[in-house]
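Order of appearance sets the numbers: ligands from 1, and atoms from 1 within every ligand.
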Amino acid sequence: MSMKPLQQLVRPNIWALKPYSSARDEYHGVEASVFLDANENPYNAPYNRYPDPLQEDLKKALAPLKGVRPGQIFLGNGSDEAIDLVFRIFCEPKEDNVVAIAPTYGMYKVCADINNVAYRPVSLDEDFRLDAGKLLAAADGRTKLIFMCSPNNPSGNDLDRGEMEKVIENFPGVVVVDEAYADFSAQKPFRTELDRYPNLVVLNTFSKAWGSAGIRLGMAFAQEDLIGLFNKVKYPYNVNQLTQQQAAEMLSKRFDVEKWVKVLLRERDQVMAAFAELDVCGKVFPSDANFFLARVKGADAVYAYLVRNGIIVRNRSRVELCGDCLRVTIGTPQENNCLLGALRAYKAEGGSR
Ligand SMILES: *Cc1c(COP(=O)(O)O)cnc(C)c1O
């Protein structure tokens, strides 16, 4: 089934929207040296100037690295901005709905709730595998978006690429594939296949492999007409100057990023193996990311014990299919040893469970 015409998918008010035009949007050129157009203060350079609203230098530097064209990139205040924007672009409150895998990243549901859009979670199987048919069956004529996350959070595994392709190829709306952890995975990303899939939006972030969660920079990749809609709806200066500068600086350090990823993956495999040997461990789920999910004996008690020892992991035990599960991020070798050491010393209260 091919994609519906974009005009049928986009909310009518957004389709008709005439976006705010900032001073820096109207002026385009390089010769000017006297800027008296934006009511800025001429003092306190360089922070006195508004940043580039479309972050063109940064996109030019990012495009070859990501295997996309600059016009296929949206940059936002974390991936969370891109997630919120897809709702605001496509979903008419109280009328449209979205479908998503479950369990998955919590922000899709939060943004659905904020935008008053019905959210339809579809369970993965107990090994967190995707069934394309089941996901597609949950969609109806008012389903605008389908969310998939691979490697998935909190389960850590890649979704099957063939199943994901079936979803993208057979859904007439927009498919959002969150590849926040793709740098850690050996699976081919969807990001480089935008030209094959006009209905695909891929999310990436600076927050994980790129070690820059503090600067809040997320990316969405899609064909140019979709990116045009993001640009129309976003705040005019959504990515500040300091973030743009620091991101450019990170791009020149991309070999450090590759090194970090290698180190973290090696460390992850060691920590997972050691974790599996713990008395407290029930099961370690396979991971294609910089974290892993583990089922333990009494997750709440183990979590509380770790907190008392100053070690914070994520208690996911109340999340669908994640009963008694903790999610563990890979840290430095010292941090990881700290966790393993504490768990070796753990004795469940009330004896064996
Ligand atoms: C961490 C994470 C993100 C990143 O969000 P930012 O807003 O870019 O920090 C996106 N998606 C998933 C699934 C994540 O786990």
Side-chain angles (χ1 to χ4, degrees), residues 55 58-59 62 66 73-88 98-112 114 119 121-122 124 128 130 145-159 164 174-185 187 189-191 200-222 230 234-235 238-240 242-244 246-247 250-251 257 260-261 264 268 285 287-293 312-316 319-322 325-331:
Q55 312 97 21
L58 190 50
K59 286 177 184 171
L62 259 174
K66 294 288 185 180
I73 306 176
F74 163 80
L75 297 177
N77 186 348
S79 314
D80 296 341
E81 180 178 358
I83 295 166
D84 188 49
L85 281 175
V86 288
F87 280 96
R88 292 164 63 201
V98 306
V99 166
I101 60 167
T104 193
Y105 186 46
M107 275 307 285
Y108 316 142
K109 167 126 183 18
V110 170
C111 284
I114 290 171
Y119 185 84
V122 177
L124 300 169
F128 303 109
L130 170 68
L145 310 171
I146 291 184
F147 286 91
M148 296 185 284
C149 181
S150 178
N152 187 32
N153 178 1
S155 52
N157 60 315
D158 280 326
L159 299 182
M164 294 177 78
V174 170
V175 178
V176 179
V177 175
D178 192 336
E179 294 185 337
Y181 299 97
D183 298 275
F184 298 103
S185 166
Q187 184 158 283
F190 277 96
R191 183 186 72 229
L200 178 62
V201 173
V202 175
L203 304 181
N204 274 195
T205 180
F206 271 73
S207 300
K208 308 288 158 60
W210 286 82
S212 303
I215 72 172
R216 307 306 304 130
L217 187 62
M219 295 160 266
F221 307 106
F230 279 81
K234 77 183 186 72
Y235 286 171
N238 62 325
V239 179
N240 72 70
L242 295 169
T243 294
Q244 292 189 42
Q246 180 59 26
M250 285 310 297
L251 295 186
V257 175
W260 294 337
V261 168
L264 288 170
R268 178 196 69 195
F285 290 92
S287 168
D288 300 290
N290 66 330
F291 64 87
F292 64 92
L293 190 72
I312 315 300
V313 297
R314 198 90 201 268
N315 185 354
R316 298 281 76 187
V319 169
E320 171 158 22
L321 298 174
C322 299
C325 284
L326 300 177
R327 193 192 69 193
V328 179
T329 306
I330 300 303

Between the protein and ligand 1, which nitrogen or oxygen pairs come in under 3.5 Å, and how far apart is each?
unit_1   : atom_1 : unit_2 : atom_2 : d
ligand 1 : 7 (O)  : Ser79  : N      : 3.0
ligand 1 : 7 (O)  : Asp80  : N      : 3.3
ligand 1 : 7 (O)  : Asp80  : OD1    : 3.4
ligand 1 : 7 (O)  : Asp80  : OD2    : 3.4
ligand 1 : 7 (O)  : Arg216 : NH2    : 2.6
ligand 1 : 8 (O)  : Ser79  : N      : 2.7
ligand 1 : 8 (O)  : Ser79  : OG     : 2.8
ligand 1 : 8 (O)  : Thr205 : OG1    : 2.6
ligand 1 : 9 (O)  : Ser207 : OG     : 2.6
ligand 1 : 9 (O)  : Arg216 : NH1    : 2.9
ligand 1 : 9 (O)  : Arg216 : NH2    : 3.3
ligand 1 : 11 (N) : Asp178 : OD1    : 3.3
ligand 1 : 11 (N) : Asp178 : OD2    : 2.6
ligand 1 : 15 (O) : Asn153 : ND2    : 2.8
ligand 1 : 15 (O) : Tyr181 : OH     : 2.6
ligand 1 : 15 (O) : Lys208 : NZ     : 3.3

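Taking the centre of each ring, Phe87 and Phe147 come in below the 6.0 Å mark. A centroid separation of 6.0 Å or more is found between the aromatic rings of Phe292 and Phe285.
Partners of Phe221 by ring-ring contact (aromatic ring centres under 6.0 Å, His included), not counting sequence neighbours: none found.
The aromatic rings of Tyr181 and Phe184 are tilted relative to each other, their planes meeting at an angle between 30° and 60°.
Between the side chains of Lys208 and Asn290, no donor N or O sits under 3.5 Å from an acceptor N or O. Neither side chain, Asp288 nor Gln187, offers a donor N or O lying under 3.5 Å from an acceptor on the other.
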